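It should be emphasised that the depicted structure is a prediction, and the values quoted were computed from it without experimental measurement.
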Amino acid sequence: MDTKELLKKVRKIEIKTRRLSDHIFSGEYHTSFKGRGMTFSEVRQYQYGDDIRAIDWNVTARYNEAHVKVFEEERELTMMLMVDISGSESFGSKNQFKKDIVTEIAATMAFSATQNNDKIGLILFSDEIELYIPPKKGRSHVLRIIRELIEFQPKSHKTDIAQALKFLSGTQKKKAIVFVISDFMSENYENTLKIAAKKHDITGIRVYDIREEKMPDLGMVSMLDAETGEIQLVNTGSKSVRMNYEKLYHEKLNYFKDTFSKSGSGVVNTRVDESYVTKLLSYFKSR
């Protein structure tokens, strides 16, 4: 993609997603996430009406007089966008690739955070960390993130969500609002998610295509595995083949839902031909 075409694409996404974040998402994002982070400010003497749960017992014992911890709301938050750029994200059957929707969602979230003067960082991952952009503020920074989402070419086509979450825990020492955007056709990330979710406010946004749910009966078909690059001859006319495909698909889907739910993380499911705007707004309002 040449520079002119890339800038045109970036501008198009900015116009669409900025409008959404300005008029729809910024207020909902602010309500859902602002004020969640409380940072320790000072210790002072207990006053009538103070919450007894805030008493600092160590200081109280030292001075033989009740003291309470005072916390203040963190005015600045950090948003981390963790985006799966493995081979399966290039799938699409309704004139829209999953990757396109993922880019729009990430851009919308980034502009919503910018409205609140928050920092935004980006982790692009496959089964390795493909790109890390540390959190910063500002429109030019968001436009750089959009450029990378559009044109970055991964070295690997496989997926390892556990590896990405491990990297998140290693690089983000302070609490962050984290959106993991993927189709979640991965497994074995339960423990790393549990650890990351203790520190961060995590939401998994699953972007999927209707054709991934069921295998159509098309007889003998050559199929390319987007993550391994292997081409296999598959008998889609076989009922057992179709049933096994659906079973595996639903196993991974249930693993995603259960794992995120158990860790206390949020879940959003959006199909490429559905309105992700409606899905995200509904999620924000339910928090």
Side-chain angles (χ1 to χ4, degrees), residues 33 78-91 98-99 101-103 105-106 109 120-135 145 148-149 152 154-209 212-213 225-229 244-272 276 279-280 283 287:
F33 297 105
T78 296
M79 176 192 284
M80 286 304 301
L81 296 168
M82 297 179 61
V83 181
D84 178 357
I85 55 169
S86 63
S88 61
E89 294 306 314
S90 298
F91 184 84
K98 284 190 284 185
K99 184 184 176 185
I101 300 299
V102 165
T103 299
I105 291 172
M109 303 316 298
I120 305 106
L122 177 70
I123 296 171
L124 298 182
F125 69 93
S126 53
D127 61 342
E128 58 184 270
I129 303 305
E130 298 276 355
L131 177 71
Y132 171 56
I133 299 178
I145 284 173
E148 295 294 0
L149 286 164
F152 191 88
K155 296 186 201 80
S156 172
H157 295 291
K158 297 176 182 177
T159 315
D160 189 340
I161 291 170
Q163 188 72 17
L165 289 166
K166 204 173 178 181
F167 181 82
L168 171 78
S169 295
T171 53
Q172 304 307 310
K173 300 304 178 188
K174 284 188 174 181
K175 181 178 179 179
I177 295 162
V178 181
F179 292 99
V180 187
I181 313 173
S182 171
D183 56 12
F184 292 94
M185 289 292 107
S186 182
E187 49 200 10
N188 301 324
Y189 53 84
E190 187 173 356
N191 291 334
T192 43
L193 178 61
K194 202 182 289 181
I195 292 164
K198 281 179 182 173
K199 186 194 290 183
H200 305 295
D201 187 334
I202 301 178
T203 300
I205 302 177
R206 186 176 77 97
V207 179
Y208 67 101
D209 191 286
E212 292 173 304
E213 295 180 287
D225 186 320
E227 298 213 349
T228 64
N244 282 336
Y245 174 86
E246 284 177 41
K247 182 172 176 281
L248 185 64
Y249 178 86
H250 286 288
E251 278 174 4
K252 288 186 176 178
L253 171 56
N254 291 333
Y255 178 78
F256 160 64
K257 288 178 179 173
D258 293 345
T259 302
F260 269 73
S261 176
K262 282 177 189 170
S263 73
S265 302
V267 166
V268 178
N269 288 284
T270 184
R271 216 169 57 203
V272 292
Y276 64 81
K279 293 294 182 80
L280 288 172
Y283 171 69
R287 285 174 60 95

For this session: Apply side-chain contact (heavy atoms from CB on, under 4.5 Å) to K194 and K262, showing your working.
Result: CA-CA 8 Å; K194 202 182 289 181; K262 282 177 189 170; over 6 Å; no
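- The minimum heavy-atom distance linking Y189 with A162 is given by the pair CB-N, 3.7 Å.
- A donor-acceptor contact shorter than 3.5 Å is absent between the side chain of Q163 and the backbone of S126.
- Pairing each heavy atom of T159 with each of S86, the nearest pair is OG1-OG, 2.9 Å.
- Screening I202, L168, V83, I123 for a side-chain contact (heavy atoms from CB on, under 4.5 Å) with V180, the sole residue that qualifies is I202.
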Exercise. M109 and L280: side-chain contact (heavy atoms from CB on, under 4.5 Å), yes or no, with the steps?
Worked result: CA-CA 10 Å; M109 303 316 298; L280 288 172; 4.1 Å; yes
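- A donor-acceptor pair is defined here as one N or O able to donate and one able to accept, closer than 3.5 Å; such a pair exists between the side chain of K199 and the backbone of Q172.
- Two residues are said to be in side-chain contact when any heavy atoms from C-beta on lie closer than 4.5 Å; I205 and K279 fail this criterion.
- For the pair F256 and V267, the minimum side-chain heavy-atom distance is below 4.5 Å.
- With a 4.5 Å cut-off on side-chain heavy atoms, I161 and M82 do not count as touching.
- Checked against the 6.0 Å centroid threshold, F184 and Y208 do not count as a close aromatic pair.
- Partner R206 forms a side-chain hydrogen bond (donor to acceptor under 3.5 Å, both in side chains) with one of D183, D84, N269, T270 and no other, that one being N269.
- F167 places none of its side-chain heavy atoms less than 4.5 Å from the side chain of E128.
- Rounded to the nearest 0.5 Å, atoms CG (D201) and OG1 (T78) are 12.5 Å apart.
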For this session: Show your reasoning for whether side-chain contact (heavy atoms from CB on, under 4.5 Å) applies to Y249 and E212.
Result: CA-CA 8 Å; Y249 178 86; E212 292 173 304; 3.9 Å; yes
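- Across all their heavy atoms, I85 and F152 have their closest contact at CD1-CD2, 3.5 Å.
- Nearest heavy atoms, H200 versus A176: ND1-N, 3.0 Å.
- Contact between S263 and A197 at its shortest, heavy atoms only, is O-CB, 3.5 Å.
- A distance of 10.0 Å separates CD1 in I181 from OG1 in T203, rounded to the nearest 0.5 Å.
- Not a single donor-acceptor pair under 3.5 Å links the side chain of Y255 to the backbone N or O of S186.
- The line from CG of N254 to OG1 of T259 is 10.0 Å long, rounded to the nearest 0.5 Å.
- Atom NZ of K252 has more than 12 heavy atoms from other residues, nucleotides or ligands within 6.0 Å.
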For this session: Please lay out, stage by stage, how L149 and L124 fare under the test side-chain contact (heavy atoms from CB on, under 4.5 Å).
Result: CA-CA 8 Å; L149 286 164; L124 298 182; 3.8 Å; yes
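- Of all heavy-atom pairs between L122 and E148, the closest is CD2-CB, 4.3 Å.
- Annotation: side chain of E251 is in contact with side chain of L248 (closest heavy-atom distance under 4.5 Å).
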